[in-house]
Every structure is written in structure tokens, then in C-alpha cells.
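Before any comments, here is the structure.
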Amino acid sequence: MPQQGGHPGGQLPGGPVPGPPGGRPPRQVRIPGIVRALLVLVLFGGVATWVALHQDEYNAESRKRPKTDPHSAGTAKVGDCLQQTGGTDDEPILRTVGCAEPAAKYKVVKREPHAECGPGETRYRQLDGHYETLNLCMTRVGDKAAAS
């Protein structure tokens, strides 16, 4: 005897065919443990390599205090004498020497940041970018002002 009042199998004409109750779960891709371990090692190895290659960029302390020659002009104090070892008269390369040495060319009379030098004094400045790191006022060795 035919069913009345419905469609056979509970299907609607032209509609989708329903699957079994609860449906089939989607297939999961399983990654073996060794592959996962290798992926983790590659990730951490890459990060460690990047850090090692860029370590100098993050070492701010080494940029703040560069290693200086103990006889560089940056170590000169008032009363010290300097020898010109290169450069030009406008931009000399200076090094501290004893005032009795014949190579002594300048004597430091003032070491103050942003100080203006007086008449007869030569100014020597070192800059790091736009910032002054050293300012010396000097007289030539042999000048009367240097002898005092």
C-alpha cells in the first residue's frame, strides 16, 4: 500500500539527498611527530640565526662607548699637547703627545662643550652626526698664550 501525505523516504522532490544521521566528519590530516619536530627546529633555528646575524644592530652599548686610542684627541685635557698626524689644517687628525716633543703643535687651553674660543685660539670639534662630542680650544705651541 502506498504512503499517503508524504514523499517516499522523506525526500523532497528535487532537493538534496540527506546523508546518514550525524554526517561523516571531515577527514583530518595527521602530521607525523618527526615532521612537527623538524618544523619547530627550523623555526627556532631561523630565529636564532637572524638574532646572531643582527646582534651588532642591537648592541647599543658598544655604539655609545667606542674603543678609543688612549692618545686620541678625545682623551686630551687642559694643558695637554697635541700632534697633527694627518688631515688638513681645517680638519686635522690629532693625537696627544708630550709638550716637550718637537712634534707638539697645539696646547689645550679649554675643554668645554659648546665653548667659544678666544682670540688667537684654534677650535677643534668632533661631531657624531649633528651632536658635538668634543670641543677643544687650543693655542699653537710656542705662542705666548700657550707658554702660560
Side-chain angles (χ1 to χ4, degrees), residues 9-148:
Q11 294 180 355
L12 297 175
V17 177
R24 181 175 165 190
R27 185 173 180 196
Q28 294 182 353
V29 178
R30 299 191 56 81
I31 300 173
I34 189 78
V35 173
R36 282 186 276 167
L38 286 174
L39 287 173
V40 169
L41 284 175
V42 167
L43 176 69
F44 282 111
V47 170
T49 301
W50 186 86
V51 168
L53 292 175
H54 294 86
Q55 181 177 359
D56 289 339
E57 295 176 23
Y58 297 102
N59 191 354
E61 287 300 314
S62 68
R63 285 193 301 262
K64 287 182 184 175
R65 288 182 259 134
K67 294 179 181 172
T68 59
D69 176 8
H71 297 287
S72 72
T75 63
K77 299 174 186 67
V78 173
D80 287 348
C81 290
L82 300 166
Q83 166 191 10
Q84 183 173 348
T85 59
T88 64
D89 284 341
D90 291 334
E91 294 183 23
I93 298 171
L94 302 174
R95 179 177 168 86
T96 59
V97 293
C99 291
E101 292 187 32
K105 185 172 182 179
Y106 300 103
K107 185 171 186 175
V108 179
V109 294
K110 192 185 298 182
R111 180 186 172 127
E112 297 173 15
H114 313 293
E116 292 298 322
C117 297
E121 296 176 349
T122 302
R123 183 179 200 186
Y124 176 77
R125 295 180 351 157
Q126 286 180 346
L127 301 174
D128 183 11
H130 297 290
Y131 300 101
E132 182 177 85
T133 59
L134 177 65
N135 185 46
L136 301 175
C137 294
M138 310 173 296
T139 57
R140 288 201 173 256
V141 172
D143 288 353
K144 291 180 183 176
S148 52

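Every heavy atom of this structure was used, including side-chain atoms; hydrogens, water molecules and symmetry mates were not.
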How close do Cys81 and Val141 get, heavy atom to heavy atom, and via which atoms? SG-CG2, 4.2 Å
Gap between atom CG of Leu136 and atom CD of Gln126 - 0.5 Å precision: 7.5 Å
Which distance, rounded to the nearest 0.5 Å, do you find between the CG of Leu43 and the CG of Leu38? 12.5 Å
With no hydrogens and no angle check, is any side-chain donor or acceptor of Lys110 less than 3.5 Å from a backbone partner on Glu116? yes
Which atom pair, heavy atoms only, marks the closest approach of Ala76 to Val108? CB-CG2, 4.0 Å
Looking only at heavy atoms, which two atoms of Val97 and Gln83 are closest? And how far apart? CG1-OE1, 3.1 Å
Test Leu82 against every option in Arg95, Lys107, Met138 by the side-chain contact (heavy atoms from CB on, under 4.5 Å) rule and name the one that passes. Met138
Name the residue from Glu112, Arg123, His114, Arg111 that meets the side-chain hydrogen bond (donor to acceptor under 3.5 Å, both in side chains) definition with Asn135. Arg123
Atom CG of Leu94 and atom OH of Tyr106: how far apart are they, to the nearest 0.5 Å? 6.5 Å
Considering residues, nucleotides and ligands other than Ile34, do more than 12 of their heavy atoms fall under 6.0 Å from its CD1? no
For Cys99 and Gly79, work out which heavy atoms get closest and say how close. SG-O, 3.6 Å
